[in-house]
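Beneath this line is the structure, given in structure tokens, with notes to follow.
Chain naming here is simple, since letters A, B, ... match the order of the sequence lines and numbering starts at 1 in each.
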2 protein chains.
Amino acid sequence: MIEYSIGVELGANTLRAAAIDKSGTMLHKIACAARVEEGRDAVIDGIVEAITSLRGYYSTREMRGIGVASPGFIRMREGVIAGANRLPHLENIPLRDMLSDRLGAKVILENDGNAAALGERWAGAGRGTDDLVLLTIGAGIGGGIIAGGKIVRGSVGMAGEFGHISVVPNGNPCGCGNQGCLEKHASATAVGAMARMMHLGDNLTAKDIFELANQTTDPAEKARAIWRVMGEALGMALAQLVNTFNFPLYLIGGGVLPAWKYFAPHMMKVAKQRSFALRATGHETRVTQASLGDLAGLYGAAYLTWAEK
Amino acid sequence: MIEYSIGVELGANTLRAAAIDKSGTMLHKIACAARVEEGRDAVIDGIVEAITSLRGYYSTREMRGIGVASPGFIRMREGVIAGANRLPHLENIPLRDMLSDRLGAKVILENDGNAAALGERWAGAGRGTDDLVLLTIGAGIGGGIIAGGKIVRGSVGMAGEFGHISVVPNGNPCGCGNQGCLEKHASATAVGAMARMMHLGDNLTAKDIFELANQTTDPAEKARAIWRVMGEALGMALAQLVNTFNFPLYLIGGGVLPAWKYFAPHMMKVAKQRSFALRATGHETRVTQASLGDLAGLYGAAYLTWAEK
């Protein structure tokens, strides 16, 4: 029987958990509401119940431990989530130890972007590569860094939070207090905002704008212009990353991936222009699509207990 | 008798080598001409002779090995320096194995910026810190990254080459093919170029411009404006690094350090503005001066043989 681990991903409204064995096979996955409206105890009960039910299916196998991926800062020593303004119920309490006590198992907390990078490295497009960067582009932009096969965490797990790299010095204002953050110029949200500015519609999603770009008639050109601008902003950030890391692999993941053919050429053009390391290392530097979609964090969370030793 | 290692730093015109013991005490240092005009064999003979003479002084002690810091790309597996256009004689030859055979000792090659970061971590301002970034600001700008106590190398040792981070999208052209590189807006060379633009003089060094800033009369204001602009460019890069790494320590080293009081406040202001992680982590994130000066690379080179195991 192959040993397995449980990966959990905490979201503002949803809770996901999966049992994944050491070979990287996802055995079983659960997604449920986070029960936020019922208060803190219910939220924690929900996590415990999800994990317990998964364990019930595999009671004859050995469970290595539980990894929990969360947005925000993670204070590792204390096992506390801090500064994740989307999870008010779970912040600033000794969550790791509370879960560990109730479940009688080892629990590790990790930032969700870091977990996703680890997941791609273990079971996704980063397999076999010790040094990689993952950029996840959805409603917001996050990411993670793997160096020497290990997560680069930073003090509170916020290494790899590439969404707030400045790509346009006088660009759009950001809630973080900066302006011109990557997130404000290249996220799915930014793509929607650009569509509004282009009078394409008030509530278009990145998917809508991708579909518009696919058309052969009129608004297609505007939609493609949006993906070009998005790609160029991304290229600026990618160049900084290549100049900083000189890694062999950069993965782009997240909800915007379907539009890859519209933004990637522009991204690569700017990145090559602004990174001699990218030009100089040629085929030794790959920029490609992540492959685990929104499961990357679950894979990475499950892998945490094997990675840490 | 404490074991020692030998660190070597290769420059375009000079060769430096030092015997440093495991406690971090520099026992003996040699600096000499690189004998470039005499051709490749003489350059290599010079390295061998410098190391041999250092060993002669400490023949009763055990020598752990030899670390060689070099500009440019390093192909670790082959032990070859590549793409260091300042060292034409030493490129694309099996230098590591040539030196190792002639000296009968273990030899490790490393990029000079990486070696300097390792040196600061071992014996300088980074002592006791497992995660740090070093930015070295001299005629050019380089640097290095230490994560989990180890060098983050990248494919060819070019991780941490921060000089080519874009800080001004439409900024000064750079030899690397990009424009607005940090090196073109914040190096000692850039400071000199700004002084020319400000009609302060045609051949002023960063030191001259620091001394002008120290005056109480007229050109002082212009000189301080130059350090402000330099500091702001540096702050832009620093913000990117803090957003990327979330490390507890960022060290600034190199020839511009005497002007710290003129540029650092502006650097910090921009970095804080553009990095919520810097504001959010407060006193947990330190930005401070490197302490080993131009010896950092020698310390780091010597430490390579202890670091690698």
- To the nearest 0.5 Å, tell me how far B:Arg75 CZ sits from A:Glu284 CD.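 Rounded to the nearest 0.5 Å, the CZ-CD separation comes to 4.5 Å.
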- Message: Quick check: closest heavy atoms across B:Ala159 and A:Phe245, and the distance to 0.1 Å?
- Response: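 Shortest heavy-atom separation between B:Ala159 and A:Phe245 comes out as CB-O, 3.2 Å.
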- Indicate the atoms forming the closest heavy-atom contact of B:Met158 with A:Asn246, along with that distance.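 Looking at all heavy atoms of both residues, the closest pair is N-OD1, 2.9 Å.
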- Item | Top of A:Ser166, A:Pro248, A:Ala147 for chain B proximity - count of heavy-atom pairs under 4.5 angstrom |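 Looking at each of A:Ser166, A:Pro248, A:Ala147 in turn, A:Ser166 comes out on top.
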- Parallel, tilted or perpendicular for A:Phe276 and B:Phe73, by the 30°/60° rule?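 Rings of A:Phe276 and B:Phe73: parallel, under 30°.
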- Pick whichever of B:Arg274, B:Gln273, B:Glu161 has the most heavy-atom pairs under 4.5 Å with chain A.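 So the answer, after comparing B:Arg274, B:Gln273, B:Glu161, is B:Arg274.
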- Go through B:Gly157, B:Ser155, B:Cys181 and name the one with the most non-hydrogen pairs under 4.5 angstrom from chain A.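 With the most close heavy-atom pairs to chain A, the winner is B:Ser155.
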- Does any non-hydrogen side-chain atom of B:Phe162 lie less than 4.5 Å from one of A:Asn243?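 Answer no - side chains too far apart.
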- Checking heavy atoms, do the side chain of B:Arg279, its backbone, both or neither come under 4.5 Å from chain A?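 For B:Arg279, the side chain is the part near chain A, not the backbone.
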- Query: Which is it for B:Ile145 and A:Thr244 under the side-chain contact (heavy atoms from CB on, under 4.5 Å) test, yes or no, and what are the steps along the way?
  - Reply: CA-CA 9 Å; B:Ile145 305 161; A:Thr244 298; 4.1 Å; yes
- Query: Hey, which residues of residues 168-178 of chain A are touching chain B, say heavy atoms under 4.5 Å apart?
  - Reply: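 Hits under 4.5 Å: A:Pro169, A:Cys176, A:Gly177, A:Asn178.
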- Please state whether the side chain, the backbone, both or neither of A:Val156 comes within less than 4.5 Å of a heavy atom of chain B.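 When you check distances to chain B, atoms from both the backbone and side chain of A:Val156 fall under 4.5 Å.
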